[in-house]
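Here is the naming used below: chain letters follow the sequence lines, and residue numbers restart at 1 for every chain.
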2 protein chains.
Amino acid sequence: MEDKNFKAKIKQIAVDHFDKNGYYGTTIRNIASEAGCSLPMIYYYYKSKKELFHEIIKKDYFDILSRQAEQIECDNLIDFYSDFVYELNNLNEFDKKIYRLGIKVYLGFDGDDELIEYLDSWEKNIASRHAQLVKPHLKPQQNAEVIVSTLIHLLENLIESIIVKNRFLPKEQIRQELSIILADKIKNK
Amino acid sequence: MEDKNFKAKIKQIAVDHFDKNGYYGTTIRNIASEAGCSLPMIYYYYKSKKELFHEIIKKDYFDILSRQAEQIECDNLIDFYSDFVYELNNLNEFDKKIYRLGIKVYLGFDGDDELIEYLDSWEKNIASRHAQLVKPHLKPQQNAEVIVSTLIHLLENLIESIIVKNRFLPKEQIRQELSIILADKIKNK
DNA sequence: TAGTTTATCTAACGCTCGTTAGAATTATAA
DNA sequence: TTATAATTCTAACGAGCGTTAGATAAACTA
């Protein structure tokens with residue numbers, strides 16, 4: 001088996017196990033056995049179990065987040081957020097598991113304190129990004145603070161439904177729910 | 001140490017550890033050591049680690065949920081839901097940890113499949129209960145389905161903020177966010 | 001071809017885990 | 001007081017854990 005692919009295969013299996021059984025419930029032996037290799041092979045590619053887990057969160061999870069954050073063209077607010085949420089349905093299974101793992105750590109349900117803190121700071125960043133994005137579109141008399149925080153709460157739960165509960169949400173439903181919050185609060189084009 | 005109190009103390013410590021370190025990250029030895037007793041004492045009161053965990057979810061978590069579901073007097077919808085969410089701030093720390101543990105299992109982040117399925121069926125029940133509660137208050141032309149599902153998504157995330165992320169949400173903010181979804185959709189008194 | 005690097009293995013070390021056997025202690029009841 | 005029941009203990013079993021030492025095989029390089 002050639003270097004690059006095999007290292008990736010190990011991570012793929014690791015993601016699967018971390019996702020299904022958590023950090024403590026996952027064993028290097030299980031990963032090795034499913035990868036069809038001996039136990040020390042895992043250590044040939046990854047320094048330790050902890051490093052493997054950290055890399056998945058710090059590198060792979062953040063890659064997905066960054067890829068999402070790139071598309072910040074925003075003509076119509078409701079279109080934008082509908083697309084943003086809907087596209088989560090179409091993530092491949094591997095990325096979905098990584099995303100799920102990231103949320104699990106973010107909520108403090110897995111991983112160590114270092115990792116949780118790491119994610120916390122990013123998510124704070126996200127909140128103010130939404131505010132910047134939304135505020136210019138709001139009608140002047142609106143209470144922007146509340147609208148943004150309500151929107152974020154809705155978004156977070158929609159994301160959780162798709163990623164964590166593994167449900168499919170139709171685009172029309174996403175759009176309608178977002179419209180309930182935004183429709184009469186934003187300026188007409 | 002007398003029977004009843006000591007058994008309760010064990011559970012209190014167990015909840016703390018399960019909450020902080022998950023099922024696999026929690027050890028009977030740690031529980032015993034923190035309880036200041038020998039290891040087999042835990043087995044004197046609980047058949048196994050699994051039974052202890054199951055009891056916390058199936059009994060204690062559901063007790064909290066049931067207690068909440070009791071107060072279904074519902075004069076003003078926004079008042080009702082504001083109170084419902086706000087009161088979560090005032091849960092004692094023990095109940096909050098149990099609630100948090102329940103959410104963790106509900107999201108499939110801990111516990112075994114039996115437990116996850118157990119919670120799934122209850123939460124389905126809850127969804128239709130909200131529908132029954134809300135629909136009579138809606139103006140006739142409204143799309144009830146979407147309003148109810150949006151409300152549930154908002155509620156779930158508010159609950160998660162308080163219980164899982166351990167934030168305090170002021171009553172006024174809760175009320176304002178709920179109003180964004182409900183205010184112009186419900187009949188005037 | 002000989003030497004070096006890369007990939008992979010078997011075997012084990014030291015530790016912790018959930019659980020239990022079986023004895024000692026304490027409280028209760030006769 | 002003695003017998004029974006309720007608590008609590010020390011000590012261990014067998015299994016699984018993360019990790020590593022050190023040998024072997026395969027693939028490159030000179």
Side-chain angles (χ1 to χ4, degrees), chain A residues 1-59 101 104-105 109-116, chain B residues 1-59 101 104-105 109-116:
Chain A
M1 255 167 276
E2 59 280 41
D3 178 6
K4 195 68 179 304
N5 285 353
F6 191 57
K7 191 175 179 185
K9 183 180 178 186
I10 290 174
K11 185 180 279 178
Q12 195 159 344
I13 293 166
V15 165
D16 198 50
H17 283 230
F18 282 136
D19 176 45
K20 212 175 295 172
N21 306 117
Y23 183 80
Y24 290 113
T26 296
T27 74
I28 306 288
R29 277 171 177 80
N30 288 340
I31 295 173
S33 139
E34 190 169 330
C37 68
S38 74
L39 214 148
M41 274 304 294
I42 312 295
Y43 289 93
Y44 183 73
Y45 289 110
Y46 298 96
K47 207 183 80 195
S48 66
K49 182 184 177 183
K50 180 178 167 179
E51 191 202 60
L52 177 52
F53 191 80
H54 273 237
E55 182 176 308
I56 290 167
I57 298 298
K58 288 184 178 170
K59 186 166 162 295
L101 212 46
K104 177 155 62 161
V105 174
F109 287 149
D110 208 347
D112 47 36
D113 290 346
E114 180 196 334
L115 228 39
I116 292 172
Chain B
M1 255 167 278
E2 62 279 45
D3 178 7
K4 195 69 180 303
N5 285 354
F6 191 56
K7 190 175 179 185
K9 183 180 178 186
I10 289 174
K11 185 181 279 178
Q12 195 160 346
I13 293 166
V15 165
D16 198 50
H17 283 231
F18 283 137
D19 177 45
K20 211 175 296 174
N21 306 118
Y23 182 80
Y24 289 113
T26 296
T27 74
I28 305 289
R29 276 171 179 80
N30 287 341
I31 295 173
S33 138
E34 191 169 329
C37 69
S38 74
L39 215 148
M41 274 304 293
I42 313 296
Y43 289 93
Y44 184 73
Y45 289 109
Y46 297 96
K47 207 184 78 194
S48 66
K49 182 183 178 185
K50 180 178 167 180
E51 191 203 60
L52 177 50
F53 191 80
H54 274 236
E55 181 175 308
I56 290 167
I57 299 298
K58 288 183 178 170
K59 185 164 162 297
L101 212 46
K104 178 155 61 162
V105 174
F109 286 148
D110 209 346
D112 47 35
D113 291 344
E114 180 196 334
L115 228 39
I116 292 172

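One finds no side-chain N or O of Tyr24(B) lying less than 4.0 angstrom from the OP1 or OP2 phosphate oxygen of dG18(C). At the phosphate of dT8(D), OP1 or OP2 sits under 4.0 Å from a side-chain N or O atom of Tyr45(B).
Of the candidates Lys49(B), Lys50(B), Glu51(B), Lys47(B) forms a side-chain contact (heavy atoms from CB on, under 4.5 Å) with just one, namely Glu51(B).
With rounding to the nearest 0.5 Å, the separation of SG in Cys37(A) from OH in Tyr45(A) is 9.0 Å. From His17(A), atom NE2 reaches atom CD1 of Ile31(A) across 6.5 Å, with rounding to the nearest 0.5 Å.
Among the heavy atoms of the strands lying under 4.0 Å from Ser38(A) is at least one base atom, whether or not backbone atoms are also near.
Rounded to a whole Å, the OH atom of Tyr43(B) is 17 Å from the P atom of dT10(D). Rounded to whole angstrom, the span from the OH atom of Tyr44(A) across to the P atom of dT10(C) amounts to 17 Å. The separation between Lys47(B) atom NZ and dT20(C) atom P is 10 Å, rounded to whole Å. Taking atom CZ of Phe6(A) as the reference point, atom P of dA26(D) lies 16 Å away to the nearest angstrom. Lys49(B) places its NZ atom 8 Å from the C1' atom of dC17(C), with the value rounded to the nearest Å. dA6(D) atom P lies 19 Å from atom CG of Asn5(B), rounded to whole Å. At whole-Å resolution of the value, CG in Leu39(A) and P in dG18(D) are 8 Å apart. In this structure, CD1 of Ile31(A) is placed 13 Å from C1' of dC17(D), rounded to the nearest angstrom.
For Asn30(B), the side-chain atoms get nearest to dC17(C) when compared with the rest of dC17(C), dC9(C), dC9(D). For Met41(B), whose side chain is taken as the heavy atoms from C-beta onward, the closest listed nucleotide among dA7(C), dC9(D), dT19(C) is dC9(D). Looking at the side chain of Ile28(A), the nearest of the listed nucleotides dT10(D), dG18(C), dG18(D) is dG18(D).
With hydrogens and angles ignored, a donor-acceptor pair under 3.5 angstrom links the side chain of Arg29(A) to the base of dG18(D).
Considering only heavy atoms from C-beta on, Tyr23(A) stays 4.5 Å or farther from Asp112(A) through its side chain.
Across Leu52(B) and Ala14(B), no two heavy atoms sit closer than the pair CD2-CB, 3.7 Å.
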